[in-house]
Structures are given as C-alpha cells and as structure tokens.
Amino acid sequence: MSPRLGTAPDMGPDVLTPAGETGLGGQEALPVGSRPVALSELMGTMPLGMAVVDRELRFVEVSEALASLNGRPREAHLGRLMDEVMNPHSSLGDTARRVRRVLETGEPLDGVDIIHREPGAGVERTRVFRASYHPVLRDGEVIAACIYVEDLTERRRVEAQRDAGAARERAVREQALRETQEAVRARDEFLSVAAHELRTPLTSMRLHLQLLLRQVTGAHPELGRELAPRGQVLERQLSRLGSLVNTLLDVSRVAAGKLSLEPRELDLVQVVRQMVDAFSEEFARAGCELSVHVSGTLPGQWDPLRVEQVLVNLLSNAAKYGAGRPVEISLVGEGTMAVLAVKDHGIGISEDGMARLFGKFERAVSERHYGGLGLGLYITRQIVEAMGGSITVRSAQGQGSTFILRLPTQPRAAPAVAPAVVVGGRAK
Ligand code: ADP
C-alpha cells in the first residue's frame with residue numbers, strides 16, 4: 001500500500017488539499033467562500049494538464065484538461081492504474097514508463113516532447129505535447145509523481161506556418177536576386193557586344209570623312225576651305241561618339257575583369273599641359289577662364305592612355321558643370337604621389353549626389369539639363385584605383401567642385417582593388 005498524500009498543515013484559504021480528503025480539516029463551519037480550495041476542486045476546473053500518480057501508478061488526481069487529453073472523463077482516471085486508462089502502445093503510453101523512472105530515481109524529467117497521432121475520420125491528426133514529471137517527496141521519500149502536460153499543437157502549427165512563410169519569402173528573395181544578377185549579366189554582355197559593333201563603323205566613318213575632306217581640298221581648294229568648319233564639327237561629334245562607345249566598352253571590361261593597364265615612364269606635367277591645350281577650345285566654348293598651376297617635371301610610371309582618359313573625364317566635367325566660371329588646375333608631387341586637383345566654380349554637388357557619383361550609371365543632375373551616361377567617374381575611379389591611387393571630391397550644391405586625384409608615381413606590384421584589373425597587355 002503506498003503512502004497516502006497528506007494534508008498541508010495550517011492551510012490558508014488558497015492552500016491546496018490532496019485528493020480523497022475533504023481538505024477542510026474541521027473547517028466545515030467556515031463560510032463557503034473562506035474555506036481552503038481542495039486539490040480536487042482545482043483539478044476539476046484548472047485549464048492545465050496535470051496529474052498526480054502514486055507509487056503503484058494509480059491516478060490520485062487528474063485535471064479535467066489532462067483527462068480530456070487522454071480522451072476519458074476525469075472520474076475514469078481516479079484510483080485507476082495508468083495502463084488501464086491509457087493505451088500502453090500509444091505514444092501517451094510511454095508516460096507510465098517515465099513516471100516509473102521518476103518514482104524510482106526521485107529525479108525530475110523536464111520538457112519531454114510527445115508526438116501523438118490520433119486516428120480521425122479519414123485523416124490522422126498529429127498533436128504535440130510537452131510533458132514534465134516531478135517527484136512528490138515526503139520526509140525524503142518519493143510518495144508520488146506529478147505530471148504536467150502542455151498541449152503545443154496550436155503553437156507548433158503557428159510556428160510551422162510562420163517558418164513556411166519565411167521560407168517562401170526567402171525563396172522569392174533569392175529568386176529575385178538571381179533574376180537581377182542575370183539581368184545585370186545580360187546588360188553587361190549587351191554593352192560589350194553593342195560597343196564592339198558600334199566601334200567598327202565609327203572608325204570607318206572617321207577615316208572616310210578625313211579622306212573625303214582631303215580629296216575635296218585637293219581637287220577644289222576653295223570648296224575644301226569652305227567645308228572645313230563642317231568637317232571639324234563632324235569630326236568632333238564622331239570623336240564624342242567614339243569616346244562614349246569606348247566608355248561602354250570599358251564598363252563591360254571592368255565587369256569582365258579585363259580592364260588593362262600598360263604603365264610606362266611619363267612626365268605627368270607634360271601630359272597635363274597637353275591635355276589642357278587639347279581642351280582649351282572646349283573651355284573657351286564653355287566660357288571658362290582656365291588657370292593652370294604646374295611647373296617643372298613630375299616623372300613616374302603610368303599608362304598614358306588611361307591617364308588621358310581620366311583627365312578627359314575630369315576636364316570635360318569641369319567644362320560641362322562649371323560653364324561660365326573659372327576653372328583651376330594644379331599638379332604637385334607629394335613624396336611618392338602625384339596630386340592633381342581640378343577645381344570649378346559651377347553647379348556643385350549635393351551631399352546625396354557625392355555619395356553616389358562614382359557608381360555605375362549614377363548622376364547627380366537631371367538628363368534634361370545635362371546629357372551624359374553617368375559612367376565617366378565610375379570608369380575613372382576603376383582606373384585610378386587599379387593604378388593604386390584614389391579620387392575624391394570636395395563640393396557643395398551651388399558652390400563648385402574640386403576633384404582630387406592621387407596617383408602613385410610607381411605602379412604597385414599587384415592590383416589590390418580588383419582582381420578584375422589586368423596590369424599589362426591591353427584587352428582588345
Ligand atoms: P556624366 O557626366 O556622364 O553624367 P560622370 O560619371 O562623369 O557622368 O559624372 C557623374 C555625375 O557627377 C554627373 O552626372 C554630375 O551629376 C556629377 N558631376 C561630375 N562632375 C561634376 C562637376 N565638376 N560639378 C558638378 N557635378 C559633377
């Protein structure tokens with residue numbers, strides 16, 4: 001005979017009394033509302049799955065909630081063996097085994113997940129419980145085990161739905177990323193093919209224009225002189241088209257990791273002077289008074305075509321965005337660096353614009369007012385960084401801009417910025 005559960009001493013109105021006892025301890029005289037709550041009363045009403053089982057595995061108490069989880073009325077449990085009430089072959093049947101262990105060892109078992117498959121009409125219903133088993137001790141002796149069962153079915157269903165939703169969202173995001181990457185790849189491929197295709201007829205047109213003008217001048221010198229200004233306009237426009245096409249080609253080279261550098265000994269002062277000369281007409285047309293602060297020589301190893309390309313971009317931007325105001329150009333050597341500054345007093349750049357303008361296709365002005373692809377500074381930065389240098393800008397809206405280029409006088413050993421950039425052997 002297992003020890004019976006006793007009555008807690010000196011119970012206040014909120015204290016539990018065990019099953020089988022009135023728990024009123026001679027307090028029947030008290031008004032109903034002041035009497036202590038009996039454990040059986042509590043078990044009959046509380047919504048928690050809870051039971052007390054004695055050493056013989058008999059239900060001493062069971063809450064209404066747990067009884068309904070077992071699919072039997074509460075009364076069908078009380079005083080009955082666990083195996084009589086619960087199917088020992090079902091997942092719930094393992095409960096008896098765990099209770100026995102707790103009774104034998106006196107050690108609690110916490111957070112045991114139970115997956116229970118209930119055969120329903122046609123469909124099997126899966127329910128998930130979490131159970132804990134605790135010994136009930138008296139004078140150091142285990143006299144019973146208490147079972148707590150939480151029904152997690154609904155919570156798990158909500159979690160599973162949320163996980164499935166998150167997985168769906170992740171899949172949609174990944175798909176969108178793949179499509180974007182594919183679209184970018186297709187665009188770069190298109191740029192590369194289009195630029196190559198455009199270059200051939202352009203080169204041919206320039207050659208034929210020069211030939212035509214020479215032939216006309218040879219046969220009819222007066223007509224040649226008359227046509228010369230138109231020839232120059234055509235020449236300028238063709239060369240503009242040519243440099244746009246080259247820019248597109250460079251974008252695809254950067255994307256393909258084929259932007260090449262061929263450094264050789266140069267005097268940067270001389271290159272800057274030549275470029276300023278070549279641009280003097282453009283600055284004059286833009287109404288920019290030019291002041292150039294360069295002196296002596298500044299020797300170093302640079303790719304002449306790439307340096308020219310960078311200068312073309314900075315000077316043409318100064319003429320375009322600084323039209324009607326003076327432009328100052330300076331070049332100095334600082335240790336192993338050549339520092340070139342192009343300063344205009346034009347429209348300037350907003351803070352937001354400055355954060356973006358070295359990016360691909362990024363512009364800080366509207367197309368209606370200023371034409372352009374938004375690629376010049378992107379390519380410039382790629383080239384400058386491939387040379388181991390840097391390009392920065394100081395500007396404020398409406399207050400002009402200063403672009404500062406820092407180039408090391410010697411090429412570095414290996415490209416640090418982009419494995420994408422090939423030094424030596426220009427890509428064709
Ligand atoms: P593009 O001139 O073809 O638009 P760039 O890459 O050369 O492309 O320049 C990117 C943007 O940076 C320009 O659209 C313009 O908004 C801004 N920008 C460049 N240079 C200047 C400058 N000197 N003054 C003001 N804004 C400039």
Side-chain angles (χ1 to χ4, degrees), residues 187-188 191 194-195 198 236-237 239-255 259 272 275-276 278-280 282-293 305-331 339-387 389-406 417-418:
R187 181 199 66 188
D188 287 342
L191 279 184
L198 286 169
R236 233 186 359 257
Q237 294 304 328
S239 119
R240 246 192 97 205
L241 256 178
S243 67
L244 284 173
V245 167
N246 281 338
T247 302
L248 292 183
L249 209 53
D250 278 343
V251 172
S252 56
R253 280 180 184 144
V254 169
L259 186 70
V272 169
M275 291 308 293
V276 167
F279 264 81
S280 57
E282 187 163 337
F283 278 116
R285 262 202 310 275
C288 296
E289 195 185 307
L290 204 58
S291 46
V292 185
H293 308 277
L305 291 182
R306 291 300 183 190
V307 169
E308 271 181 23
Q309 195 178 349
V310 167
L311 289 171
V312 164
N313 184 245
L314 295 183
L315 297 179
S316 56
N317 277 352
K320 181 155 103 181
Y321 301 108
R325 307 267 169 83
V327 170
E328 292 127 48
I329 296 160
S330 68
L331 173 67
V339 183
L340 175 98
V342 179
K343 178 173 186 173
D344 66 58
H345 298 267
I347 60 168
I349 306 162
S350 66
E351 224 169 284
D352 159 67
M354 278 200 284
R356 295 184 288 109
L357 49 82
F358 291 103
K360 211 189 279 187
F361 298 113
E362 290 290 359
R363 311 197 67 217
V365 286
S366 97
E367 283 145 43
R368 270 195 303 133
H369 297 110
Y370 297 92
L373 294 176
L375 288 172
L377 287 178
Y378 167 71
I379 296 293
T380 293
R381 185 186 200 166
Q382 300 295 322
I383 293 172
V384 168
E385 291 187 349
M387 288 178 168
S390 66
I391 179 160
T392 51
V393 58
R394 276 203 304 262
S395 183
Q397 190 103 56
Q399 293 177 31
S401 315
T402 306
F403 283 86
I404 299 162
L405 186 69
R406 298 172 66 83
V417 185

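We use all heavy atoms of the structure for the numbers below, so side chains are in, but hydrogens, waters and symmetry mates are not. Just so you know, ligand 1 is whichever comes first in the structure, and atom 1 is the first atom listed for that ligand. Every value quoted in this text rests on a predicted model; they were computed, and no experiment measured them.
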Engineer: Using a strict cut-off of 4.0 Å, indicate which atoms of ligand 1 neighbour a heavy atom of Leu375.
Structural biologist: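 Reading through ligand 1 atom by atom, the close ones are 6 (O), 8 (O).
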Engineer: Below 4.0 Å from ligand 1: does a non-hydrogen atom of Phe358 turn up there or not?
Structural biologist: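 Heavy atoms of Phe358 never come under 4.0 Å of ligand 1.
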Engineer: Checking a contact table here: which protein heavy atom is nearest atom 23 (N) of ligand 1, and how many Å away?
Structural biologist: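 Result for atom 23 (N) of ligand 1: Asp344 OD2, 2.8 Å.
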Engineer: Tell me if a side-chain donor or acceptor on Arg356 pairs with a main-chain N or O of Arg363 at a distance below 3.5 Å.
Structural biologist: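 Yes, Arg356 side chain to Arg363 backbone: donor-acceptor pair under 3.5 Å.
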Engineer: By side-chain contact (heavy atoms from CB on, under 4.5 Å), which residues pair with Arg240, not counting sequence neighbours?
Structural biologist: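 If we apply the side-chain contact (heavy atoms from CB on, under 4.5 Å) test to Arg240, skipping adjacent residues, the hits are Gln237.
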Engineer: Is Ile391 close to Ile404 at the side-chain level, that is, under 4.5 Å between some pair of heavy atoms?
Structural biologist: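 Ile404 vs Ile391: side chains apart.
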Engineer: Can you tell if the side chain of Ile349 reaches within under 4.5 Å of the side chain of Gln397, non-hydrogen atoms only?
Structural biologist: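 Ile349 does not reach Gln397 side chain to side chain.
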Engineer: With heavy atoms only and a cut-off of under 4.0 Å, state how Glu362 meets ligand 1: side chain, backbone, both or neither.
Structural biologist: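 Within the 4.0 Å criterion, Glu362 contacts ligand 1 through backbone atoms alone.
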Engineer: Who are the ring pair (Phe, Tyr, Trp, His ring centres under 6.0 Å) partners of Tyr321, not counting sequence neighbours?
Structural biologist: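 Tyr321 satisfies ring pair (Phe, Tyr, Trp, His ring centres under 6.0 Å) with Tyr370 once adjacent residues are dropped.
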Engineer: In terms of residue, atom name and distance, what is the protein heavy atom nearest to atom 2 (O) of ligand 1?
Structural biologist: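 Looking only at protein heavy atoms, the one closest to atom 2 (O) of ligand 1 is Tyr321 OH, 2.8 Å.
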Engineer: In terms of residue, atom name and distance, what is the protein heavy atom nearest to atom 20 (N) of ligand 1?
Structural biologist: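 Of the protein heavy atoms, Asn317 ND2, 3.4 Å lies nearest.
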Engineer: Answer yes or no for Gly374: is there a heavy-atom contact with ligand 1 below 4.0 Å?
Structural biologist: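 Per 4.0 Å heavy-atom rule, Gly374 contacts ligand 1.
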Engineer: Going by the order shown, which atoms of ligand 1 are within less than 4.0 Å of some heavy atom of Ala364?
Structural biologist: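 Close to Ala364: 11 (C), 14 (O), 15 (C), 16 (O).
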Engineer: Mark the output for Gly346 as yes if a heavy-atom distance to ligand 1 is under 4.0 Å, and as no if none is.
Structural biologist: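 Per 4.0 Å heavy-atom rule, Gly346 does not contact ligand 1.
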Engineer: Please state which protein non-hydrogen atom is closest to atom 4 (O) of ligand 1 and give its distance, to 0.1 Å?
Structural biologist: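 Its nearest protein heavy-atom neighbour is Arg363 NE, 2.5 Å.
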Engineer: Quick one: does ligand 1 sit under 4.0 Å from the side chain of Ser401, the backbone, both or neither, non-hydrogen atoms only?
Structural biologist: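 It is the side chain that touches ligand 1; the backbone stays farther off.
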Engineer: Would Arg306 and Asp250 satisfy salt bridge (Lys or Arg N to Asp or Glu O under 4.0 Å), going step by step from the backbone distance to the final call?
Structural biologist: CA-CA 11 Å; Arg306 291 300 183 190; Asp250 278 343; 3.1 Å; yes
Engineer: Taking distance alone, with N or O pairs closer than 3.5 Å, would you say Leu357 contacts ligand 1?
Structural biologist: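 Between Leu357 and ligand 1 (N or O atoms, distance only) the closest approach is not under 3.5 Å.
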Engineer: Is a side-chain donor or acceptor of Arg325 paired with a backbone partner of His345 at a separation under 3.5 angstrom?
Structural biologist: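 Pair found, side chain donor or acceptor close to backbone of His345.
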Engineer: Is there side-chain contact between Lys343 and Val327, with at least one heavy-atom pair below 4.5 Å?
Structural biologist: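 The answer is no; the side chains never approach within 4.5 Å.
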Engineer: Which heavy atom of the protein is the closest neighbour of atom 5 (P) of ligand 1, given with residue, atom name and distance?
Structural biologist: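 It is Leu377 N, 3.6 Å.
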Engineer: Could you list the atoms of ligand 1 found under 4.0 angstrom from a heavy atom of Ile349?
Structural biologist: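 Contacts of ligand 1 toward Ile349, numbered from 1: 25 (C), 26 (N), 27 (C).
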Engineer: For Glu362, does the CD atom sit with more than 12 other heavy atoms under 6.0 Å from it, leaving out its own atoms?
Structural biologist: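 Yes.
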